[in-house]
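Below, chain A is the first sequence line, B the second, and so on; all start at residue 1. Computation of the quantities below employed the complete heavy-atom set of this structure, encompassing side-chain atoms and omitting hydrogens, waters and symmetry-equivalent molecules.
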Protein chains: 2
Amino acid sequence: MPDESTLQQALRRFEAFLKAQKLKKTPERMAVLEAIYAHNGHIEAAKLHEVLQERHPGLSLATVYNTLELLSRAGLVLAHRFDTGKTVYEKALGRYQHDHMLCQDCGRIVEFCDPALQEIFSHIEEAYDFEVHHHALLIYVRCRKSHCPHRPSVQSTQAS
Amino acid sequence: MPDESTLQQALRRFEAFLKAQKLKKTPERMAVLEAIYAHNGHIEAAKLHEVLQERHPGLSLATVYNTLELLSRAGLVLAHRFDTGKTVYEKALGRYQHDHMLCQDCGRIVEFCDPALQEIFSHIEEAYDFEVHHHALLIYVRCRKSHCPHRPSVQSTQAS
DNA sequence: ATTTCTGCAAACACTTTGCAAGCTA
DNA sequence: TAGCTTGCAAAGTGTTTGCAGAAAT
């Protein structure tokens with residue numbers, strides 16, 4: 001599944017969502033969706049806003065937030081609020097289901113996936129008669145043992 | 001293990017931590033520690049500050065935050081930042097290891113424990129050669145199937 | 001034509017910070 | 001005594017909100 005079609009799929013879904021909610025399809029909203037889907041990994045609202053200025057100068061930060069909220073409700077974007085106070089977003093389609101490890105030594109965020117989690121969810125659904133909607137698992141780790149791929153020092157707010 | 005000794009243990013550990021870090025043992029810091037350990041469940045900084053006014057009038061919010069940071073570093077307090085923007089804290093000692101389910105329908109936060117998580121951590125430590133320090137697992141659920149103990153409607157910021 | 005959106009800027013809520021006075025070691 | 005801490009209040013941060021003009025249906 002190439003990245004191209006993932007965006008198409010997201011666009012279609014978003015349009016359907018807007019129509020179903022009697023909301024309007026605006027260039028700004030579509031631009032935000034495209035911008036997130038063009039970005040791999042996490043991105044925060046301010047950065048997204050900055051990136052959007054290139055092709056859509058004037059698009060406001062308020063609209064970015066507004067749209068992220070809609071996209072989140074539409075299930076097209078995931079929001080994470082690690083420990084920084086900032087919320088980061090990422091596309092929800094075209095990504096394998098994953099969670100995050102936060103390296104306490106170098107600040108690096110590493111994704112991982114463990115199928116055992118699904119079993120935990122199944123277990124919970126039965127034990128509590130709840131319906132598991134989504135989740136967020138953060139594992140705080142230390143890489144000092146050896147080879148954290150992004151050693152201490154630098155670690156800027158990653159360029160593009 | 002009665003609750004009483006848990007506080008004692010925490011106090012000892014905190015004193016040791018302060019000494020080790022060449023920090024000072026102050027009445028304010030001890031008061032904050034006691035206040036958290038006297039509270040069961042989550043509590044936010046403002047509420048903790050409010051509670052502390054009873055026995056320690058004048059103790060400032062800044063000191064509460066300052067101390068929570070120290071306690072967190074000392075491993076005596078856990079901080080969670082669910083989705084509300086507010087950070088909530090809870091004592092780390094004298095509690096079984098647990099995670100949280102957040103009911104999307106009624107806002108209730110339910111604790112649970114699943115030993116399978118430990119296996120995931122072991123797996124990760126081996127696979128990545130990381131040292132797992134701590135974690136936070138949030139599962140967003142819906143209770144509409146039936147008996148969420150705290151139905152919709154009310155749901156105030158729980159009294160004491 | 002109606003209703004929703006947008007951009008702007010002010011408002012917000014929580015947390016952090018700077019500084020002088022006070023307390024710990 | 002020397003240096004960390006405290007309380008206060010002001011400053012920050014990221015996010016939300018109110019409103020008038022602009023755009024979508």
Atom pair CG/CG of B:Asn66 and B:Leu23 - distance to nearest 0.5 Å: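 It comes to 9.0 Å.
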
CZ/A:Phe130 to CE/B:Met101 distance, rounded to the nearest 0.5 angstrom?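 Rounded to the nearest 0.5 Å, the CZ-CE separation comes to 5.0 Å.
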
What are the atom names and distances for every N/O pair under 3.5 Å that joins the protein to nucleotides 9-14 of chain C?
{"unit_1": "C:dC14", "atom_1": "OP1", "unit_2": "B:Lys86", "atom_2": "NZ", "d": "3.0"}

Give the minimum heavy-atom separation between [X] and [Y], together with the two atoms involved.
X	Y	answer
B:Leu48	B:Ala35	CD1-CB, 3.8 Å
A:Leu93	A:Tyr37	N-OH, 3.1 Å
A:Asp99	A:Ala136	OD1-C, 4.0 Å

What is the distance, to the nearest angstrom, from the [atom1] atom on [X] to the [atom2] atom on [N]?
X	N	atom1	atom2	answer
B:Lys19	C:dT24	NZ	P	15 Å
B:Lys22	D:dA2	NZ	P	19 Å
B:Met30	D:dT6	CE	P	11 Å
A:Leu59	C:dC5	CG	P	14 Å
B:Phe14	C:dT24	CZ	P	15 Å
B:Glu69	C:dT17	CD	C1'	14 Å
A:His56	C:dG7	NE2	P	11 Å
A:Leu61	D:dT13	CG	P	15 Å

Flag, side chain of A:Glu44 to backbone of A:Tyr89, donor-acceptor distance under 3.5 Å: no

N/O donor-acceptor pair under 3.5 Å between B:Gln97 side chain and B:Cys113 backbone: no

Closer to the 5' end of DNA chain C via nearest nucleotide, is it B:Ala46 or A:Arg29?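 So the residue in question is A:Arg29.
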
Could you go over nucleotides 22-25 of chain D and give all protein N or O partners under 3.5 Å, atom names and distances?
{"unit_1": "D:dA24", "atom_1": "N3", "unit_2": "A:Lys24", "atom_2": "NZ", "d": "3.3"}
{"unit_1": "D:dT25", "atom_1": "OP1", "unit_2": "A:Lys25", "atom_2": "N", "d": "3.3"}

I want to check one thing: is the phosphate of C:dT6, taken as OP1 and OP2, less than 4.0 Å away from some side-chain N or O of A:Asn66?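 Affirmative; the distance criterion is met.
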
Could you note down all residue pairs passing salt bridge (charged side-chain N to carboxylate O under 4.0 Å, His left out) where residues 57-83 of chain B supplies at least one of them, sequence neighbours left out?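 Every salt bridge (charged side-chain N to carboxylate O under 4.0 Å, His left out) pair that includes a residue of residues 57-83 of chain B, provided the two are not neighbours, is B:Glu69-B:Arg73.
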
Would you call the rings of A:Phe121 and A:His135 parallel, tilted or perpendicular, where under 30° means parallel and over 60° means perpendicular? tilted

